[in-house]
A.B. asks: 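Just dropping this structure here.
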Amino acid sequence: MRTICLYFEIHQIIHLKRYRFFDIGTDHYYYDDYANETGMNEVAERSYIPALNTLIEMAKKSEGAFKVALSISGVALEQLEIHAPAVIDLLHQLNDTGCCEFLCEPYSHGLSSLANEDCFREEVLRQRDKMKQMFGKEPKVFRNSSLIYSDEIGGMVASMGFKGMLTEGAKPVLGWKSPHYVYHCNQAPSLKLLLRDFKLSDDISLRFSNSEWAEYPLFADKYISWIDALPQEEQVINIFMELAALGMAQPLSSNILEFLKALPECAKAKGITFSTPTEIVTKLKSVSQLDVPYPMSWVDEERDTSSWLGNILQREAFNKLYSVAERVHLCDDRRIKQDWDYLQASNNFRFMTTKNTGIWLNRGIYDSPYDAFTNYMNILGDFIKRVDSLYPIDVDNEELNSLLTTIKNQGEEIADLQKEVAKWHNKAEKEAVKAPKKVAAKKEPATKKSVKKAITRPKKTAKKEE
């Protein structure tokens with residue numbers, strides 16, 4: 001049976017303020033609070049709140065037949081908790097329907113998977129713990145920032161215990177293959193891959209309200225008929241997009257939410273179901289491994305990482321940021337850690353792109369890629385000074401590596417001890433459960449014996465008296 005995997009991403013950028021060279025060393029706060037608050041409130045009112053209410057309504061109306069998946073970056077959760085707590089409430093309501101699966105992604109929505117494995121692992125595991133804490137379930141499926149994936153990244157994700165991963169169905173990688181099957185990572189066959197159908201996804205997220213589009217206006221029955229016309233053996237249709245597409249990229253006046261509401265009924269009429277990513281990777285077998293030697297993403301025509309690392313400005317900023325990764329990893333200063341998350345966010349490098357994609361890029365306060373680079377490097381200069389004040393630059397690599405090794409070993413020892421304590425705790429609980437049964441078993445024979453003695457004792461006494 002053919003099934004649709006519908007997934008939405010929630011992430012909002014952290015706006016940096018104008019930061020001059022002369023601010024380095026004197027001003028350690030880097031953010032435009034007004035832009036962050038107004039930006040989050042706008043997207044919440046225009047997109048997140050109406051879109052989530054629609055998904056909740058669809059889940060309840062379908063009585064479990066409609067399924068959807070969401071992932072939320074850690075920095076977006078922080079901003080929602082501060083500026084738009086109503087969105088958090090709606091996420092909990094959607095979770096309570098039992099029709100939504102929450103996925104895991106890097107906490108910062110950054111590019112650490114391309115730079116530093118330890119940083120990548122740390123923020124993924126931190127985000128997994130946060131999602132479990134908020135929604136009561138540990139995510140089993142992972143999506144990287146902007147669906148970035150390669151064989152090496154897949155191997156890292158599999159080693160963290162994830163069963164599946166979302167990525168782009170990029171033509172340069174797939175070739176003649178279809179994105180409508182389940183594939184697996186060539187370095188870790190246990191990690192199944194779900195590939196985005198970029199055409200069907202972009203028909204909703206990019207083209208829906210475009211009156212010059214040949215398929216305009218798009219209705220739910222027509223959209224489902226496209227899916228129904230696919231070869232019968234192609235069972236999985238992965239439609240992935242940002243949640244902000246519903247209301248921001250495609251305004252509510254375009255009837256985008258009415259289109260969404262009509263999808264389940266139209267799909268049901270054609271025998272097409274909805275499934276979560278975990279349901280798919282659990283039930284369906286992989287048809288083949290996917291070979292991706294170089295990172296791919298869902299951005300621009302090239303579907304690669306050139307939007308963030310395509311020019312010398314971006315690479316200089318990127319390398320400078322991750323040059324202090326090991327020192328930040330040692331740090332326990334809360335402000336340093338938070339700034340690290342915000343400075344890693346991929347949009348900081350996106351603003352520096354010089355690519356001509358034909359699509360207008362909103363650079364916010366920046367007039368040009370060079371303006372974005374200068375502002376970011378000023379902020380980064382101050383941030384690195386703060387990190388160096390905690391772990392001076394004259395600490396050589398050998399000493400730093402020795403310290404990191406010691407910390408890692410201590411962490412592993414603590415983890416082993418925690419496992420041992422948990423094992424003994426479970427054993428003690430089992431013994432406590434068994435104990436009353438043992439006592440009861442011992443008492444029962446003793447009671448029978450005493451009863452027998454009580455019966456026979458008078459006879460023996462009577463015999464002696466005779």
Side-chain angles (χ1 to χ4, degrees), residues 2-11 42-59 61-62 66-70 146-147 166 168-171 174 178-180 194-231 234 236-274 297-303 307 355-362:
R2 185 172 290 132
T3 192
I4 296 172
C5 180
L6 183 62
Y7 155 80
F8 296 102
E9 175 215 9
I10 295 179
H11 172 69
E42 181 184 16
V43 75
E45 292 297 325
R46 290 176 54 188
S47 173
Y48 292 164
I49 291 175
L52 288 171
N53 275 319
T54 297
L55 293 174
I56 292 167
E57 180 186 338
M58 292 167 68
K61 185 178 178 181
S62 71
F66 173 72
K67 304 287 180 65
V68 67
L70 279 94
S146 301
L147 297 188
L166 311 187
E168 177 71 1
K171 283 285 185 184
L174 281 175
S178 167
H180 304 144
L194 300 182
L195 309 185
R196 174 178 179 261
D197 184 316
F198 64 85
K199 181 188 178 302
L200 288 173
S201 299
D202 292 348
D203 285 343
I204 299 176
S205 64
L206 298 182
R207 292 182 280 270
F208 183 82
S209 61
N210 182 4
S211 59
E212 296 181 359
W213 181 35
E215 301 295 343
Y216 179 86
L218 179 61
F219 294 102
D221 55 351
K222 181 198 289 189
Y223 188 79
I224 292 298
S225 71
W226 294 345
I227 295 174
D228 186 55
L230 294 169
E234 297 187 5
V236 184
I237 315 300
N238 299 306
I239 302 170
F240 306 158
M241 68 192 81
E242 295 180 6
L243 187 63
L246 310 179
M248 299 297 286
Q250 307 304 322
L252 299 182
S253 58
S254 68
N255 292 322
I256 183 70
L257 296 183
E258 285 67 25
F259 166 82
L260 195 68
K261 287 180 189 177
L263 287 178
E265 282 298 323
C266 294
K268 184 179 179 181
K270 296 289 187 179
I272 299 170
T273 64
F274 285 83
S297 74
W298 70 356
V299 176
D300 293 344
E301 288 295 324
E302 294 84 359
R303 301 291 199 266
S307 293
K355 287 180 66 177
N356 182 11
T357 62
I359 300 174
W360 178 72
L361 173 64
N362 182 2

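Computed from a predicted structure; not experimentally measured. In this chain, residues are counted from 1 in sequence order.
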A.B. asks: Any chance you could measure I227, atom CD1, to H180, atom NE2, to the nearest 0.5 Å?
C.D. replies: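 One gets 8.0 Å once the value is rounded to the nearest 0.5 Å.
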A.B. asks: Treating S47 as the side-chain partner and L243 as the backbone partner, does any N or O pair qualify as donor plus acceptor under 3.5 Å?
C.D. replies: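 Checked: pair present.
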A.B. asks: Where do N238 and C5 come nearest, in terms of heavy atoms and distance?
C.D. replies: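 The pair with the smallest heavy-atom distance is OD1-CB, 3.3 Å.
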A.B. asks: Quick one: does Q250's side chain get under 4.5 Å of I204's, heavy atoms only?
C.D. replies: no
A.B. asks: Only counting residues at least two apart or in another chain, list the ones meeting ring pair (Phe, Tyr, Trp, His ring centres under 6.0 Å) with F198.
C.D. replies: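 None.
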A.B. asks: Where do Y223 and L200 come nearest, in terms of heavy atoms and distance?
C.D. replies: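 Scanning both residues completely, I find the closest heavy atoms to be OH-O, 2.8 Å.
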A.B. asks: Could you tell me if the side chain of L6 sits less than 4.5 Å from the side chain of F66, heavy atoms only?
C.D. replies: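 Sidechains of L6 and F66: in contact.
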A.B. asks: Hey, are the side chains of E168 and V299 touching, using non-hydrogen atoms and a 4.5 Å cut-off?
C.D. replies: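 The answer is no; the side chains never approach within 4.5 Å.
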A.B. asks: Run the salt bridge (Lys or Arg N to Asp or Glu O under 4.0 Å) check on R196 and D202 step by step: do they pass?
C.D. replies: CA-CA 10 Å; R196 174 178 179 261; D202 292 348; 2.5 Å; yes
A.B. asks: With heavy-atom distances below 4.5 Å as the criterion, would you say the side chains of S201 and I239 are in contact?
C.D. replies: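 The answer is yes, as the side chains (C-beta and beyond) meet within the 4.5 Å cut-off.
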A.B. asks: Looking only at non-hydrogen atoms, find the nearest pair between I256 and P251 and report the distance.
C.D. replies: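 That would be CG2-O, 3.8 Å.
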A.B. asks: Are any of the side-chain heavy atoms of V236 and L195 separated by less than 4.5 Å?
C.D. replies: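 Counting from C-beta outward, V236 and L195 never come under 4.5 Å.
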A.B. asks: When rounded to the nearest 0.5 angstrom, what is the spacing between CG in D203 and CE in M241?
C.D. replies: 9.5 Å
A.B. asks: Look up atom OG in S254 and atom CG in N210, then write down how far apart they are to the nearest 0.5 Å.
C.D. replies: 11.5 Å
A.B. asks: Applying ring-ring contact (aromatic ring centres under 6.0 Å, His included) between Y7 and each of F240, W298, F274, report the one that passes.
C.D. replies: F240
A.B. asks: Applying salt bridge (Lys or Arg N to Asp or Glu O under 4.0 Å), which residue pairs with at least one partner in residues 245-260 are found, sequence neighbours left out?
C.D. replies: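 Sorted pair list comes back empty.
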A.B. asks: Yes or no on side-chain contact (heavy atoms from CB on, under 4.5 Å) for T273 and K67, after CA distance, side-chain angles and deciding distance?
C.D. replies: CA-CA 9 Å; T273 64; K67 304 287 180 65; over 6 Å; no
A.B. asks: Working to the nearest 0.5 angstrom, can you tell me the gap between L263 CG and D221 CG?
C.D. replies: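 If I round to the nearest 0.5 Å, the distance is 10.0 Å.
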A.B. asks: When rounded to the nearest 0.5 angstrom, what distance separates CD1 in I224 from NZ in K270?
C.D. replies: 9.5 Å
A.B. asks: More than 12 heavy atoms of other residues, nucleotides or ligands under 6.0 Å from NZ of K222: is that the case?
C.D. replies: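 Counting neighbours around NZ of K222, more than 12 heavy atoms of other residues, nucleotides or ligands fall under 6.0 Å, so yes.
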A.B. asks: Taking side chain as C-beta onward, heavy atoms only, is L55 less than 4.5 Å from L260?
C.D. replies: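 The answer is yes; the side chains approach within 4.5 Å.
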A.B. asks: Which pairs pass salt bridge (Lys or Arg N to Asp or Glu O under 4.0 Å) with one or both residues in residues 45-59, sequence neighbours excluded?
C.D. replies: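 Every salt bridge (Lys or Arg N to Asp or Glu O under 4.0 Å) pair that includes a residue of residues 45-59, provided the two are not neighbours, is E42-R46, E57-K261.
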A.B. asks: When you compare the side chain of E242 with that of M248, does any pair of heavy atoms fall below 4.5 Å?
C.D. replies: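 A side-chain contact under 4.5 Å is absent here.
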A.B. asks: Please step through side-chain contact (heavy atoms from CB on, under 4.5 Å) for the pair L52 and L70, ending with a clear verdict.
C.D. replies: CA-CA 11 Å; L52 288 171; L70 279 94; 4.2 Å; yes
A.B. asks: Could you give me the CA-CA distance, side-chain angles and deciding distance for L257 and N53, then say whether side-chain contact (heavy atoms from CB on, under 4.5 Å) is met?
C.D. replies: CA-CA 10 Å; L257 296 183; N53 275 319; over 6 Å; no
A.B. asks: Any heavy-atom pair between the side chains of T54 and L246 that's under 4.5 Å?
C.D. replies: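 When only atoms from C-beta onward are counted, T54 and L246 do not touch, as no gap falls below 4.5 Å.
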A.B. asks: Would you find a donor on one side and an acceptor on the other, under 3.5 Å apart, between the side chain of S62 and the backbone of A59?
C.D. replies: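 Checked: pair present.
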A.B. asks: Using a strict cut-off of less than 4.0 Å between a Lys/Arg side-chain nitrogen and an Asp/Glu carboxylate oxygen, indicate whether E215 and R207 qualify as a salt bridge.
C.D. replies: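 No salt bridge links E215 with R207.
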A.B. asks: If you count heavy atoms of other groups shown closer than 6.0 angstrom to NZ of K199, is the number above 12?
C.D. replies: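 Enclosed: over 12 neighbouring heavy atoms sit under 6.0 Å from NZ of K199.
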A.B. asks: Hey, could you give me the CD1/SG distance between I272 and C266, rounded to the nearest 0.5 Å?
C.D. replies: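 With rounding to 0.5 Å, CD1 (I272) is 10.0 Å from SG (C266).
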